[in-house]
Amino acid sequence: MSEFKAGEIHNTYRAIEGSFLELLQHGENSGKDKMWAIGPLHQRKDVKELNDQDRRLMEWLDKQEPKSVLYVSFGTTTTFSESEIKELALGLEQSGVKFLWVLRDADRLDVVSNEKERRTQLPDGFEERMRGTGIVVREWVPQVEILRHPSTGGFMSHCGWNSCLESISMGVPIATWPMHLDQPMNAVLITEVLKVGVPVMEWRQRDELVSSSMIGKAVQKLMASEEGDVIRSRVVEMSEAVKHSVVEGGDCRLEWDCFVSHITRERS
């Protein structure tokens with residue numbers, strides 16, 4: 001059985017990481033393999049495909065001011081302690097910013113213990129106090145559609161790469177809170193290199209409890225400051241570049257065509 005390798009596919013856009021891809025492809029230590037940056041395929045949902053809860057979320061977003069809502073979600077593998085959940089809840093409350101917080105099962109279960117799944121206890125009266133200001137959801141949500149919505153103005157994220165790409169593609173700046181794996185590096189890329197986000201916490205603080213004060217300040221900076229406005233303008237500009245790259249004749253579309261043509265030719 002022979003091995004066949006046509007090249008490398010990268011889950012990114014040149015509009016976002018073009019200079020780094022050029023270094024990989026043409027730098028001193030580069031290989032001879034071909035390289036294609038074809039970006040993620042964002043799956044869109046028609047309104048008719050949404051369940052009742054998701055439709056209610058979209059209807060709630062419809063009623064909010066443009067760019068006024070912070071979307072809060074930490075992926076499918078993040079585990080938060082009760083103390084962290086409490087600080088996050090209080091930080092969101094202190095910020096005064098409207099929010100949509102997805103608190104899923106993975107956030108509530110300590111996967112390294114034998115403890116049975118338990119429902120997270122939010123601070124007493126939190127959801128009642130936040131009625132009209134924020135929503136806590138404990139089920140899956142259509143993330144791309146939420147990020148795409150005009151009322152969504154920020155994303156507090158664990159910085160999983162797909163979430164980063166989705167947020168940038170939709171023109172939404174990120175409040176970074178990395179947990180593990182590639183997330184710390186992604187967070188640095190977002191805040192220090194691309195400059196399309198602000199840190200909730202730095203990786204050197206990973207063993208400390210992220211306080212409500214830290215969370216509130218980061219949210220305020222992202223959502224309600226001149227610095228946040230500059231960051232938002234920058235990510236919107238990057239989003240436009242991504243959108244142009246995926247239409248007919250754009251860089252990403254051309255790379256797709258090149259990839260398909262190459263592997264078809266090689267196999268024949």
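Within the 3.5 Å criterion, the main-chain N or O of Thr12 finds no donor-acceptor partner in the side chain of His10. The backbone N or O of Gly153 sits less than 3.5 Å from a side-chain atom of Arg232, completing a donor-acceptor pair. At distances below 3.5 Å, not a single donor-acceptor pair connects side-chain atoms of Ser261 with backbone N or O atoms of Asp257. When atom types are taken as modelled, the side chain of Ser233 and the backbone of Asp229 share a donor-acceptor pair closer than 3.5 angstrom. Ser167 contributes a side-chain N or O that, together with a main-chain N or O of Val172, makes up a donor-acceptor pair within less than 3.5 Å. Put simply, the side chain of Trp161 gets close to the backbone of Asn11: a donor and an acceptor are under 3.5 Å apart. Here the side chain of Glu84 pairs a donor or acceptor atom with the backbone of Ser81 at under 3.5 angstrom. Judged by distance alone, the side chain of Ser169 and the main-chain N or O of Ser239 form no donor-acceptor pair under 3.5 Å. In this structure a side-chain-to-backbone donor-acceptor pair under 3.5 Å is missing from Arg234 to Pro173.
For Lys243, the NZ atom sits in a packed shell: over 12 heavy atoms of surrounding residues, nucleotides or ligands are nearer than 6.0 Å. Heavy atoms of other residues, nucleotides or ligands lying less than 6.0 angstrom from CD of Glu237 number 12 at most. The number of heavy-atom neighbours closer than 6.0 Å to NZ of Lys86, taken from other residues, nucleotides and ligands shown, is 12 or below. For CG of Asp62, the number of neighbouring non-hydrogen atoms (other residues, nucleotides, ligands) closer than 6.0 Å is greater than 12.
A distance of 6.5 Å separates CD1 in Ile190 from SG in Cys159, rounded to the nearest 0.5 Å. To the nearest 0.5 Å, the span separating CE on Met223 from CD1 on Ile231 amounts to 12.0 Å. Rounding to the nearest 0.5 Å places CD of Glu128 at 10.0 Å from CZ of Phe126. Atoms CH2 and CZ, from Trp101 and Arg138 in turn, are 8.0 Å apart once rounded to the nearest 0.5 Å. Atoms CE and CG, on Met170 and Leu165 in that order, are 10.5 Å from each other to the nearest 0.5 Å. To the nearest 0.5 angstrom, Met35 atom CE is 11.5 Å from Ile9 atom CD1.
Between Val102 and Val72, the closest side-chain pair of non-hydrogen atoms is not below 4.5 Å. At least one side-chain heavy atom of Ser83 sits under 4.5 Å from a side-chain heavy atom of Leu209. Put simply, the side chain of Trp60 reaches to within 4.5 Å of the side chain of Ile135, judged on heavy atoms. The closest side-chain heavy-atom distance from Phe99 to Met130 is below 4.5 Å. Looking only at side-chain heavy atoms (C-beta outward), Leu103 and Val137 stay at 4.5 Å or farther from each other. The shortest distance between side-chain heavy atoms of Ser157 and Phe74 does not fall below 4.5 Å.
Sorted by first then second residue, the side-chain hydrogen bond (donor to acceptor under 3.5 Å, both in side chains) pairs that include residues 175-188, not counting sequence neighbours, are Asp182-Asn186. Applying the side-chain hydrogen bond (donor to acceptor under 3.5 Å, both in side chains) rule to pairs touching residues 88-99 yields Gln64-Lys98, Glu93-Arg129, Gln94-Ser212, sequence neighbours excluded.
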Exercise for the section: Verify side chain to side chain contact (heavy atoms under 4.5 Å, CB included) between Leu189 and Phe20, making sure each step is shown before the conclusion. Expected result: CA-CA 11 Å; Leu189 177 69; Phe20 305 112; 4.0 Å; yes
Verdict with supporting geometry, Val219 and Val198, side chain to side chain contact (heavy atoms under 4.5 Å, CB included): CA-CA 9 Å; Val219 172; Val198 301; over 6 Å; no
Evaluation steps, salt bridge (Lys or Arg N to Asp or Glu O under 4.0 Å), between Glu145 and Arg148: CA-CA 5 Å; Glu145 299 309 313; Arg148 192 192 308 274; 3.7 Å; yes
ask   = Can Met58 and Arg55 be said to form a side chain to side chain contact (heavy atoms under 4.5 Å, CB included), step by step?
value = CA-CA 5 Å; Met58 302 310 290; Arg55 277 196 292 270; 5.7 Å; no
With side chain to side chain contact (heavy atoms under 4.5 Å, CB included) as the test, would you mind laying out the steps for Ile215 and Val210 before giving the verdict? CA-CA 7 Å; Ile215 295 165; Val210 180; 3.7 Å; yes
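Under 4.0 Å is where a charged nitrogen must lie from a carboxylate oxygen, and between Glu59 and Arg56 no such pair does.
Under the 4.5 Å side-chain heavy-atom criterion for ILVMFWY residues, a single connected hydrophobic cluster contains both Met179 and Met156. Hydrophobic clustering (ILVMFWY, side-chain heavy atoms < 4.5 Å, transitive): Met214 and Leu90 are in distinct clusters. Cluster annotation: Trp36 and Leu254 are assigned to distinct hydrophobic clusters (Ile/Leu/Val/Met/Phe/Trp/Tyr, side-chain heavy-atom contacts under 4.5 Å, transitive).
With Phe155 as the partner, the side-chain contact (heavy atoms from CB on, under 4.5 Å) test is satisfied by one option alone out of Ile146, Leu147, Leu70, Leu222: Leu147.
The minimum heavy-atom distance linking Pro184 with Leu181 is given by the pair CD-O, 3.4 Å. Heavy-atom minimum distance, Gly171 versus Val236: O-CG2, 3.8 Å. In plain terms, the two heavy atoms of Val136 and Glu127 that are nearest each other are CB-OE1, 3.9 Å.
Looking only at atom types and distance, the side chain of Glu166 has a donor-acceptor partner in the side chain of Gln143 under 3.5 Å away. Inspection of the Ser211 and Glu87 side chains reveals no N or O donor paired with an N or O acceptor under 3.5 Å.
For His158, there are no side chain to side chain donor-acceptor pair (under 3.5 Å) partners, not counting sequence neighbours.
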